[in-house]
2 protein chains.
Amino acid sequence: MAKSVARLKDIAAQTGFSVNTVSLALRGSSRIPDETRLLILQMAERLNYLPNQVAQSLVRRETRSVGLIITDLKNPVLTAVAQAVELELSKRGYSTLFATSNNTLALEERMIETFRARRADGMLIFPCSHRQLDHIRALRKRNYPVVLLVGDPDAGIDAVCMDERAGAYKATAHLINNGHKRIALIDGAAARGNTEKQEGYLRAHQQLGPTSDPRLMVDPRDGSVASGYWATDDLMRRNLGFSAVLTSNDSLALGALRYCVKHGLRVPEDVAIVGFDNIEFAEYAATPVSSVNYDVERVTRMAIERVLELIGLAGELPEAQVIQVEPELLVRESSNRRYEGANG
Amino acid sequence: MAKSVARLKDIAAQTGFSVNTVSLALRGSSRIPDETRLLILQMAERLNYLPNQVAQSLVRRETRSVGLIITDLKNPVLTAVAQAVELELSKRGYSTLFATSNNTLALEERMIETFRARRADGMLIFPCSHRQLDHIRALRKRNYPVVLLVGDPDAGIDAVCMDERAGAYKATAHLINNGHKRIALIDGAAARGNTEKQEGYLRAHQQLGPTSDPRLMVDPRDGSVASGYWATDDLMRRNLGFSAVLTSNDSLALGALRYCVKHGLRVPEDVAIVGFDNIEFAEYAATPVSSVNYDVERVTRMAIERVLELIGLAGELPEAQVIQVEPELLVRESSNRRYEGANG
DNA sequence: GCTTTCAGTATTATCGTTAATATCAAGCAT
DNA sequence: ATGCTTGATATTAACGATAATACTGAAAGC
């Protein structure tokens with residue numbers, strides 16, 4: 001806090017009015033005549049007065065701030081969400097409190113407590129686990145407005161998110177329909193219990209024919225490009241025979257692409273690649289990478305709508321509402337040719 | 001703010017002690033005997049009490065929060081900084097207030113006012129213009145702790161940053177030393193008055209021989225991959241003859257790379273590419289892209305050190321101190337071959 | 001026995017604002 | 001003249017915490 005800033009009291013002292021008159025004048029009350037208001041406004045200007053929002057928050061019992069917890073700021077789609085959230089909230093007069101959980105439950109819980117202590121009016125959360133949500137459910141039970149950005153229709157918590165199961169199904173179906181029979185899945189989330197994408201991948205296999213092979217489902221260390229590279233390396237070394245790779249995000253896909261380029265494998269002729277999130281780096285990669293789109297604008301807008309709605313409500317929160325946005329598959333060069341078999 | 005949360009008063013009412021006793025007990029004062037403290041702690045636990053930081057901030061006259069203004073959350077290096085800042089501040093018990101200025105001065109000024117109203121203890125700012133800093137200078141004059149993340153030694157404002165001039169010099173010198181005589185510069189910042197990189201580029205030409213050609217210096221619409229692609233397209237169409245491209249960030253470089261791949265130009269044989277920031281997508285691109293490293297950890301750590309130091313100081317702020325970190329050039333495949341002329 | 005000391009707890013003021021209510025003079029009708 | 005509005009401003013009490021000071025009763029000292 002800056003060392004000494006003007007308060008209402010200072011304006012009052014300088015103009016001779018009472019603190020309350022100054023407060024009313026600055027807030028444009030009709031009870032204050034224009035002449036008085038002008039004098040006060042001028043003095044406020046001269047003293048560089050800015051209302052102390054800390055004091056305002058205390059008396060108004062709202063901070064006009066919303067907490068946003070993200071698993072990882074290194075994922076471009078999450079930062080895009082962060083950017084969109086900040087912009088939209090700022091338009092509506094709210095500030096954004098950010099925190100990253102680094103995909104650990106302990107940190108996530110700590111950040112929630114921090115936001116609660118700071119009396120954020122509500123929270124938007126990408127929980128690191130889509131299953132362990134008790135701490136968030138407890139929050140909601142105490143009438144704290146929370147909206148998750150990944151969805152579980154049965155969690156009893158409001159959520160707005162992309163339908164990842166449907167997205168994975170679409171991507172896998174696209175590959176299967178293009179003749180691929182053995183499709184690898186590089187999915188960092190599954191190992192943490194977030195199995196939506198894996199489920200979509202498996203269901204596509206079940207419904208469309210090819211049997212899935214658990215050995216083709218690998219867990220990269222994290223969601224980075226490097227991890228995509230090494231996961232692909234791992235798959236290749238094990239000589240399992242596959243003609244396509246689906247990854248749980250575009251960074252991993254770009255890592256797979258780099259592996260292929262480096263080892264002389266043609267994309268999509270030898271290996272087809274499909275990612276998730278549709279980040280710009282995938283679109284403009286040397287070989288543009290197919291991707292399941294993440295509709296940042298839409299998810300953000302609806303999530304903010306909802307959390308502000310919950311904030312505005314008095315008393316008990318209404319029943320939780322889960323909105324899943326159907327994602328679109330963007331087919332690009334990395335997967336747009338029919339696969340005709342090993343020598344096709 | 002959640003609808004009804006426990007206050008000291010509630011614990012006091014439930015235990016029969018006074019508010020002050022409860023406050024002292026929870027803060028571990030030695031004036032409260034263990035027996036009493038235990039009773040109070042148990043009740044606090046039962047009521048799910050969390051101190052109201054808004055009230056604490058008001059009375060302590062510090063919020064333990066720092067504002068961070070970033071030009072654009074879509075730039076991976078800026079989000080890396082954001083992540084590092086949040087992590088480091090959180091370790092030290094501070095919260096981070098984020099805002100993006102979207103590279104407009106008006107928004108930057110608005111966000112500063114927002115942070116000031118929220119009584120952030122200090123601010124870290126990537127100003128959108130490195131020259132128009134009057135509003136920030138005014139802030140500093142009123143003893144508000146501010147640290148910029150781009151540096152102008154003469155601005156009279158504390159700063160910690162990479163030495164972009166030196167970085168551009170190194171990158172350009174590297175290309176010149178590899179035989180390149182006509183080097184294009186795609187720099188989005190120069191048009192906004194942030195000419196450090198351009199200056200380094202020009203100085204390298206002056207000192208090492210080749211004359212620079214203003215027609216080779218282009219301004220992309222923004223810092224995106226797409227803009228890098230189209231800026232390269234623009235350069236190529238004008239048939240100016242060049243064998244290397246230096247871009248002001250890696251996204252632009254990746255756009256240039258994509259252009260080359262798409263149009264059958266070999267990198268680095270036909271066109272060498274060097275970017276800025278060393279983001280992972282450049283390192284793992286189909287052709288790994290050379291880049292001037294941005295030492296996120298170091299810049300972040302020093303900037304936070306400094307702003308916390310300024311916050312800790314009572315009274316007048318000391319003289320501004322500008323720290324410029326010398327960047328390292330990471331040479332990768334996109335520029336690591338000698339250029340021997342048009343048919344080399 | 002009477003002050004002194006001290007541990008344990010309570011009371012009061014404060015932070016900077018807003019909200020509810022109070023005051024007080026001028027203007028007006030009766 | 002007396003009371004009633006009403007317009008302009010002041011006073012007081014919150015909001016939820018901390019900090020300084022005040023009280024109270026029992027043990028200790030002489």
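Residue numbers start from 1 in every chain, and the chains themselves are labelled A, B, ... in the order their sequence lines are given, proteins ahead of strands. What you see is a predicted model; the values in this text were computed from it and never measured.
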Nearest heavy atoms of [X] and [Y], plus distance in Å:
| X | Y | result |
| --- | --- | --- |
| B:L73 | A:T79 | O-OG1, 3.6 Å |
| A:Q321 | A:D158 | N-OD2, 3.1 Å |
| A:L313 | A:P318 | CD2-CD, 3.5 Å |
| B:S95 | B:L89 | O-CD1, 4.4 Å |

Interatomic distance where [atom1] belongs to [X] and [atom2] belongs to [N] [whole Å]:
| X | N | atom1 | atom2 | result |
| --- | --- | --- | --- | --- |
| B:R7 | D:dT18 | CZ | P | 14 Å |
| B:E62 | C:dG16 | CD | C1' | 16 Å |
| A:I11 | D:dT9 | CD1 | P | 16 Å |
| A:L24 | C:dT18 | CG | C1' | 9 Å |
| B:I32 | C:dA10 | CD1 | C1' | 11 Å |
| B:L8 | C:dT12 | CG | C1' | 16 Å |

Decide whether B:R118 and A:S65 meet the rule of one side-chain donor and one side-chain acceptor closer than 3.5 Å.
no

Can you check whether [X] has a side-chain N or O nearer than 4.0 Å to OP1 or OP2 of [N]?
| X | N | answer |
| --- | --- | --- |
| B:R27 | D:dT18 | yes |
| A:Q56 | C:dT18 | yes |
| A:S23 | C:dG16 | no |
| B:Q53 | D:dA17 | no |
| A:K9 | C:dT17 | no |
| A:R61 | D:dG16 | yes |

For the side chain of [X], starting at C-beta, report the closest nucleotide among [options].
| X | options | value |
| --- | --- | --- |
| B:L58 | C:dT17, C:dT14, C:dG16 | C:dG16 |
| A:S18 | D:dA10, C:dT17, D:dA17 | D:dA10 |
| B:N20 | C:dC15, C:dT11, C:dA20 | C:dT11 |
| A:P33 | D:dA17, C:dT17, D:dT9 | D:dT9 |
| B:T21 | C:dA10, C:dT17, D:dA17 | C:dA10 |

Both B:V19 and B:V59 contact DNA chain C. Taking the nearest nucleotide for each, which residue is further toward the 5' end?
B:V19

How do B:F17 and B:A55 order along DNA chain C: which one's closest nucleotide is nearer the 5' end?
B:F17

Is B:R60 touching bases, backbone alone, or none of the nucleic acid, heavy atoms closer than 4.0 Å?
sugar-phosphate

Please classify the nucleic acid contact of B:R31 as base, sugar-phosphate, or nothing, using heavy-atom distances under 4.0 Å.
base

Identify which one of B:I70, B:L149, B:I112 satisfies the side-chain contact (heavy atoms from CB on, under 4.5 Å) criterion when paired with B:I125.
B:I112

